[in-house]
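The basis for the numbers below is simple: all heavy atoms, side chains too, and nothing from hydrogens, waters or symmetry mates. Bear in mind the structure is a predicted one, so any value in this text is a computation, not a measurement.
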Amino acid sequence: MTMKSLLVLFAASILILPSPGCRSTPHAGQEYLSETLSYRSMADSFFRFDPQSPFRRDSTIQYHGLNWYPPDSEFTFQSKLYRYSSPSPVTIYGTKGEERKMIRYGYFLIDYRGRQYVLNICKRAPKDTQQSFRNDEPLSVWFTDETTGHETYGVGRYIDIGEEKPDPNFLYTINFNNAYNPYCAYSSLYSCAIPMKEDHLPFAVHAGEKKYHP
């Protein structure tokens, strides 16, 4: 696995819902901690040494390590993937103004401090309208929160969820401790997807990666 997988073009929209009952729960146990530390070690190695690292491709920037919040189990959740019966098209914009056509495909539900939130998942639209969606495409969440533009990158952050599973009852892990900055946070050579306005979480996510540049 390389950090290139962290740039898969999927979108997420976030809505507040009244809590009708527990549909997702914080990820129990300490597994999240070892997984988070392993993820961060892999990210550091990629940015330092991989030829595809933005710091290797852009000679005007220097790598001095990523800035992370301390791991916090409160920001790790599990949820089923709820697929929409009629996926709808959406337009996502890049930081250089380009349009990216996506399909709003499904959503996760997470419970945070007594309230429930929806994280919408988008997939790239099939080129052929008769073509089905590819289940091997990784799922990602894009979001902003109350730290965006202050402690964290002003465009927003992403979370990679992993490949879609055929089991409709499979529980995916949504680990905000692994929330990361897109490449445009480091170098102006890159354009990255901008979370939509409805992608905003109305609380501070003190988890994941902080700003890289002051």
Side-chain angles (χ1 to χ4, degrees), residues 1-8 10 12 14 24-57 61-81 108-113 117 119 121 136-148 150-165 170-187 190 192-193 195 199 201 203-214:
M1 178 179 178
T2 72
M3 289 292 289
K4 288 179 69 177
S5 65
L6 301 180
L7 295 179
V8 179
F10 301 106
I14 295 113
S24 72
T25 58
H27 193 35
Q30 294 299 310
E31 308 90 49
Y32 88 95
L33 180 58
S34 59
E35 190 274 335
T36 294
L37 295 178
S38 175
Y39 175 88
R40 295 180 181 187
S41 176
M42 178 273 293
D44 181 73
S45 178
F46 171 83
F47 282 121
R48 288 184 188 278
F49 305 117
D50 196 287
Q52 297 303 313
S53 164
F55 297 93
R56 301 292 296 273
R57 303 187 73 176
I61 56 175
Q62 292 184 339
Y63 183 66
H64 49 70
L66 302 179
N67 301 313
W68 301 96
Y69 287 103
D72 187 343
S73 62
E74 185 178 31
F75 291 105
T76 306
F77 305 90
Q78 288 188 320
S79 173
K80 292 168 54 178
L81 172 61
F108 297 117
L109 291 176
I110 64 170
D111 295 309
Y112 178 73
R113 296 187 178 182
Y117 300 85
L119 304 176
I121 301 296
D136 61 346
E137 290 185 353
L139 304 172
S140 292
V141 168
W142 300 349
F143 72 98
T144 59
D145 67 276
E146 292 300 294
T147 71
T148 303
H150 304 288
E151 298 175 8
T152 60
Y153 182 47
V155 170
R157 294 181 288 168
Y158 305 167
I159 306 172
D160 287 345
I161 307 300
E163 292 183 0
E164 182 181 352
K165 306 299 181 182
F170 180 83
L171 291 178
Y172 297 83
T173 298
I174 302 97
N175 186 358
F176 284 86
N177 294 286
N178 291 349
Y180 64 89
N181 294 333
Y183 284 5
C184 59
Y186 316 116
S187 169
Y190 296 88
C192 53
D199 298 348
L201 286 169
F203 56 85
V205 178
H206 291 124
E209 189 177 355
K210 298 181 181 181
K211 283 182 178 178
Y212 184 78
H213 297 291

Checklist entry - Do the rings of Phe203 and Tyr112 sit parallel, tilted or perpendicular, given the 30° and 60° boundaries? => result parallel
Item to check | Heavy-atom closest pair, residues Arg40 and Trp68 | outcome: NH1-CB, 3.3 Å
Checklist entry - Atom CD1 of Ile161 and atom CD1 of Ile174: how far apart are they, to the nearest 0.5 Å? => result 5.0 Å
Checklist outcome for this item: For Arg113 and Glu74, the nearest pair of non-hydrogen atoms, with its separation, is NE-OE2, 2.8 Å
Next on the checklist: Treating Thr173 as the side-chain partner and Asn175 as the backbone partner, does any N or O pair qualify as donor plus acceptor under 3.5 Å?
Outcome noted: no
Checklist entry - How are the rings of Tyr212 and His64 set relative to one another: parallel (under 30°), tilted (30 to 60°) or perpendicular (over 60°)? => result parallel
Checklist entry - So which heavy atom on Pro54 is nearest to which on Phe46, and how close? => result CD-CE2, 4.3 Å
Checklist entry - Checking Ser79 side chain against Ile110 main chain: does a donor-acceptor pair fall under 3.5 Å? => result no
Checklist entry - Rounded to the nearest 0.5 Å, how far does CZ of Arg157 lie from CG of Asn178? => result 11.0 Å
Checklist entry - So, Glu35 and Asn177: side-chain donor and acceptor under 3.5 Å apart, yes or no? => result no
Item to check | Distance, nearest 0.5 Å, that separates CZ of Phe49 from CZ of Phe55 | outcome: 13.5 Å
Checklist entry - Donor-acceptor pair, Ser34 side chain versus Glu31 backbone, under 3.5 Å? => result yes
Checklist entry - Any idea which heavy atoms bring Asp160 and Ser140 closest together, and the distance? => result OD1-OG, 2.9 Å
Checklist entry - Has the side chain of Tyr186 got a donor or acceptor atom that lies under 3.5 Å from a matching backbone atom of Tyr63? => result no
Checklist entry - Quick one: are Lys80 and Leu171 in side-chain contact, heavy atoms under 4.5 Å? => result yes
Next on the checklist: I'd like to know whether Phe170 forms a side chain to side chain contact (heavy atoms under 4.5 Å, CB included) with Glu164, so could you lay out the CA-CA distance, the side-chain angles of the two residues, the decisive distance to 0.1 Å, and finally the verdict.
Outcome noted: CA-CA 9 Å; Phe170 180 83; Glu164 182 181 352; over 6 Å; no
Item to check | Contact check, side chains of Glu209 and Tyr153, non-hydrogen atoms, under 4.5 Å | outcome: no
Item to check | Candidate pair Phe176 and Phe143, rule ring pair (Phe, Tyr, Trp, His ring centres under 6.0 Å), full reasoning | outcome: CA-CA 10 Å; Phe176 284 86; Phe143 72 98; 5.2 Å; yes
Item to check | Side-chain touch Phe77/Tyr117, heavy atoms, less than 4.5 angstrom | outcome: no
Checklist entry - Taking it one step at a time, do Val205 and Tyr69 satisfy side chain to side chain contact (heavy atoms under 4.5 Å, CB included)? => result CA-CA 10 Å; Val205 178; Tyr69 287 103; over 6 Å; no
Item to check | Backbone N/O of Pro51 and side chain of Arg57: donor-acceptor pair under 3.5 Å | outcome: no
Checklist entry - How about Phe108 and Leu81: do any of their side-chain heavy atoms sit closer than 4.5 Å? => result yes
Item to check | Heavy-atom pair of closest approach, residues Gly156 and Asn181 | outcome: O-OD1, 4.5 Å
Checklist entry - Roughly how far, to the nearest 0.5 Å, is NE2 of His206 from CG of Asp145? => result 8.0 Å
Checklist entry - Just how far is it from atom NZ of Lys210 to atom NE2 of His150, taken to the nearest 0.5 Å? => result 14.5 Å
Item to check | Sidechain-backbone polar pair: Asn67 side chain, Lys211 backbone, donor-acceptor under 3.5 Å | outcome: yes
Item to check | Which atom of Asp44 lies closest to which atom of Gly65, heavy atoms considered | outcome: OD1-CA, 4.4 Å
Checklist entry - Is the closest side-chain heavy-atom distance between Tyr32 and Pro71 below 4.5 Å? => result yes
Checklist entry - Does any N or O in the side chain of Ser45 come within less than 3.5 Å of the main-chain N or O of Ser41, such that one atom is a donor and the other an acceptor? => result no
Next on the checklist: Checking the side chain of Tyr158 only, and the main-chain atoms of Ala193 only, is there a donor and an acceptor separated by less than 3.5 Å?
Outcome noted: yes
